[in-house]
Amino acid sequence: QKEVEQNSGPLSVPEGAIASLNCTYSDRGSQSFFWYRQYSGKSPELIMFIYSNGDKEDGRFTAQLNKASQYVSLLIRDSQPSDSATYLCAVNGGNTGFQKLVFGTGTRLLVSP
Amino acid sequence: GAVVSQHPSWVICKSGTSVKIECRSLDFQATTMFWYRQFPKQSLMLMATSNEGSKATYEQGVEKDKFLINHASLTLSTLTVTSAHPEDSSFYICSAVQGTDSPLHFGNGTRLTVT
């Protein structure tokens, strides 16, 4: 079982719709969860991070964390074509330290005009 | 804030030569920097953790004698790919963290092509 799993996609949504990206992780000791956006050929850009169960909202983005079920999701409201990118879920390595992140393979999002 | 600069952004080198990549934290002091490698259509794979003033900690399967890491100051870490081969061609990305409770911030990456 991979440590951090994401559906590779692509996930296609029309402009203005809500995009829902999901991620599951295997290490129950994980404490910090991150979503990064990566455009083709570019390095990842931090979108949001979440530590506690529940929802965390930042503008059009909402991160949701459920530690009992070991999943974290990212909702993008009012999706725009510029949101088209690969979204990487990253989880800290639990016992290996706060900043030592394990990345999923990413979900490619396509927002059509 | 939290700007991480990486140089060069791309480099082409011949097989057998060495290439140095620099990673700088521009507006903060980074006690820890991380080096990742990303092959096409794959995720980021952590290569090593670099702490200022001490030896880097390499992940399993990463050759420390091939990928030399130096973290001489709180704002600079370097990765040297020695005796590069075509299979080393990849996207190398550094990241830095400001404190123990801070998320990672990535440099812009270096695309290495070994011919």
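Residue numbers begin at 1 in each chain, while the letters A, B, ... track the order of the sequences.
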(request) Examine whether an atom of B/Gln6 lies under 4.5 Å from a heavy atom of chain A, and if so say whether it belongs to the side chain, the backbone or both; otherwise answer neither. (result)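 Neither part.
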(request) Answer with side chain, backbone, both or neither: which region of B/Leu46 has an atom nearer than 4.5 Å to a non-hydrogen atom of chain A? (result) side chain
(message) For B/Phe39 and B/Phe91, I'd like to know if the aromatic rings sit close, meaning centre-to-centre distance below 6.0 Å.
(response) no
(request) Keeping to residues at least two apart or across chains, list the side-chain hydrogen bond (donor to acceptor under 3.5 Å, both in side chains) pairs with something in residues 12-23 of chain A. (result)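 Found none.
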(request) Go through B/Lys41, B/Glu59, B/Met45 and name the one with the most non-hydrogen pairs under 4.5 angstrom from chain A. (result)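 So the answer, after comparing B/Lys41, B/Glu59, B/Met45, is B/Glu59.
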(request) Kindly assign one of parallel, tilted or perpendicular to the pair B/Phe106 and A/Phe103, based on the angle between their ring planes and the thresholds 30° and 60°. (result)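 If you compare the ring of B/Phe106 with that of A/Phe103, the planes turn out perpendicular.
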(request) Name the option with the most non-hydrogen atom pairs under 4.5 Å to chain B; the candidates are A/Gly41, A/Ala90, A/Gly106. (result) A/Gly41
(request) Would you check if the side chain of A/Gln6 reaches a backbone N or O of A/Cys89 as a donor-acceptor pair within less than 3.5 Å? (result) yes
